[in-house]
Protein chains: 2
Amino acid sequence: MDGTVTETERDYLAGYDPREFPIVLTTVDSVLFTYHEDRLKVLLVQRANHPQAGRWALPGGYIDQDRDATLEDTAHRVLASKTGVVPPYIEQLGSFGGAGRDPRGWSVTIAYTALIPFQACLTHIESVTDTQWFDVARLNELELGFDHEAIIDAGRERFRQKALYSLVPAHALQEPFSLADLRRVHELLIGMTLSRKSFIRRVEESGALIETGDEAPSGRGRPSKLYRRSPHLDDYRFIRNIGK
Amino acid sequence: MDGTVTETERDYLAGYDPREFPIVLTTVDSVLFTYHEDRLKVLLVQRANHPQAGRWALPGGYIDQDRDATLEDTAHRVLASKTGVVPPYIEQLGSFGGAGRDPRGWSVTIAYTALIPFQACLTHIESVTDTQWFDVARLNELELGFDHEAIIDAGRERFRQKALYSLVPAHALQEPFSLADLRRVHELLIGMTLSRKSFIRRVEESGALIETGDEAPSGRGRPSKLYRRSPHLDDYRFIRNIGK
DNA sequence: CTCTTAAAGTGTCATAAGGACACTTATCGA
DNA sequence: TCGATAAGTGTCCTTATGACACTTTAAGAG
């Protein structure tokens, strides 16, 4: 022994006070997308409190240490409070941190990105005024809080990639849905038109969607076959990207 | 006016004290991989302090609010202190948080994953005893701290995917390098052998590597051509995955 | 010096998947 | 009943890949 006291981990934890260390403000924000009337939409909440009160921003908030066991729990809790439901698809997008992004000090937000059918939360969102869908193509007309515009861009880019090699975007549609609608969602995400034939071939090959056997009129023209998501949808990856 | 005082953002910030809120312990950890003697290696540091003193864990630490402007700054600073250099490739891997992952309380780590040539930090790492490369295939023989085994698995999976559709793994090699070595790195990441011909075709098509014009003897047999990374390497993506 | 072996690099063919595009099917509405 | 419209299909061409045999180059044994 060299005279110093050998501290056990138990002793250390008993004397540990997190407030002795510089504090990083940590929050969880979510970028929730949907598809409605030929447009991609993102869910925004008008901030009631400082900082940035009045501005539209991503739904998010602090971790509730008693109620949330994981980061995804926080994302789910916040989204459910704004939409009434938990989205059928959510994944972690990334973390955005820095000294300057929040006036309160050094801050980090763990961002999630998610998809939901427009109809799944229609009534809940219509009942309040502080939560709204915004056309993703018109966000530049809005002055968003914090760095949330960059986070939304990252979410779009994530789903743009997913649209190239997966059928995950199907989570933005209410079941049952037509391949025409799903293809349109992919086209909006990717930013180019896709060949009908190629798209249908990929869907059939994947087994990630299941034909319901029903059809739906699509205005004028031949009615379209309807599909629902198979349980394997989230895991399926094409080995080759779609698009020229 | 309804009698309440309308607080300005300036007033709010003047009265804001982060210690009034529940504190989340926030750190940054990095999974740094390299390639040496036909093996994938990951850099681990033996913990000097509680909690988990004595265990091997990922290099990481607290955000230094005065020195770090971004999360990547923190990752760079910590890695540079352990290896002497900043790795040529680093990307954010994801955040791991929860109530139970650290005995000190609710915690979040923002994880980065990076690649570096073995030779780039050879002398620095040889000079200390608390920092070592470990064979990724033999991590099960080690009892790692916290949830760091899961984080390393996530890093491996990230680079496994990159190896399928990019040449980013080239950052694990000292320039100039042979395609035989690079293909071996990809094979270790993907977990299967790859066709020489296909691999060379992809490299040529990509333009992501540049032939130096030199050759190097490869033991017995025809000497191999040598390559270096082009500036476009990090951005290049194959539209189709390699491997059957 | 030559022969063997080993490893890098190449030529070529068959296959699989996508884009293009014309054609067919099915519904609406005038 | 016919025209317009949109979903769905058949077919050809192109492209990237895996397979595999072949060539090139060097080290080392005899």
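Just so you know, these numbers come straight off a predicted model, no measurement behind them. Heavy-atom basis, side chains included; hydrogens, waters and symmetry copies ignored. Below, chains carry the letters A, B, ... as their sequence lines are ordered, and counting in each starts from 1.
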Student: Report the distance from atom CZ of B:Phe238 to atom C1' of D:dA16, rounded to the nearest whole Å.
Tutor: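 B:Phe238 atom CZ is separated from D:dA16 atom C1' by 11 Å.
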Student: To the nearest angstrom, how far is A:Glu205 atom CD from C:dG19 atom P?
Tutor: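 My rounded result for the distance is 12 Å.
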Student: Is A:Arg184 close enough and on-axis enough to A:Tyr35, meaning under 6.0 Å and within 45°, for cation-pi?
Tutor: no
Student: With a 4.0 Å limit, can you tell me whether B:Arg240 has a side-chain N or O closer than that to the phosphate oxygens OP1/OP2 of C:dA17?
Tutor: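 Result: no.
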Student: Just how far, in rounded Å, is P of D:dT17 from CD1 of A:Ile239?
Tutor: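 About 10 Å, once rounded to whole Å.
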Student: Students often mix this up, so state it plainly: with edges at 30° and 60°, are the rings of B:His186 and B:Phe199 parallel, tilted or perpendicular?
Tutor: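 Plane angle over 60°, so perpendicular.
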Student: Just checking A:Pro217: base, sugar-phosphate only, or nothing, at a heavy-atom cut-off of under 4.0 Å?
Tutor: nothing
Student: To the nearest Å, give me how far apart CZ (A:Arg183) and P (C:dG19) are.
Tutor: 12 Å
Student: To the nearest Å, how far apart are B:Met192 CE and D:dA19 C1'?
Tutor: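 After rounding, the reported distance stands at 13 Å.
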Student: Between the base of C:dG11 and the side chain of B:Lys197, is there any donor-acceptor pair under 3.5 Å?
Tutor: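 When only heavy-atom distances are counted, B:Lys197 does reach the base of C:dG11 through a donor-acceptor pair under 3.5 Å.
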Student: Between B:Gly243 and B:Arg222, which residue's closest nucleotide on DNA chain D lies nearer the 5′ terminus?
Tutor: B:Gly243
Student: Would you mind telling me which residue lines up with the more 5' stretch of DNA chain C, B:Ser178 or A:Glu215, judged by nearest nucleotide?
Tutor: B:Ser178
Student: Both B:Pro223 and B:Arg202 contact DNA chain D. Which one's nearest nucleotide lies toward the 5' end?
Tutor: B:Arg202
Student: A:Arg220 CZ to C:dG29 P: how many Å, rounded?
Tutor: 8 Å
Student: Please check if the side chain of B:His124 supplies one atom and the backbone of B:Lys82 the other of a donor-acceptor pair under 3.5 Å.
Tutor: yes
Student: What's the CD1-C1' distance between B:Ile190 and D:dT17, to the nearest Å?
Tutor: 14 Å
Student: Select one nucleotide: of C:dA17, D:dA7, D:dT9, the one nearest the side-chain heavy atoms of A:Ile200.
Tutor: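 Output: D:dT9.
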Student: Mind checking if B:Ser198 touches a base, just sugar-phosphate, or nothing, with heavy atoms under 4.0 Å?
Tutor: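 It contacts base atoms.
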Student: Quick one: is C:dT10 close enough that its OP1 or OP2 comes under 4.0 Å of any side-chain N or O from B:Lys225?
Tutor: yes
Student: So, is A:Ser195 close to the C:dA20 phosphate, meaning a side-chain N or O under 4.0 Å from OP1 or OP2?
Tutor: no
Student: So, under a plain 3.5 Å distance rule, would you say the side chain of A:Arg201 forms a donor-acceptor pair with the base of C:dG19?
Tutor: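 Such a pair is found, so the answer is yes.
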Student: Output the rounded distance in Å from CG (B:Leu226) to P (C:dA8).
Tutor: 12 Å
Student: Any donor-acceptor pair under 3.5 Å between the side chain of A:Arg196 and the base of D:dG8?
Tutor: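 Yes.
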Student: Both conditions, 6.0 Å and 45 degrees, for the charged tip of A:Arg228 above the ring of A:Phe177: are they met here?
Tutor: no
Student: Under 30°, 30 to 60°, or over 60°: which ring-plane class applies to A:Trp56 and A:Phe134, parallel, tilted or perpendicular?
Tutor: perpendicular
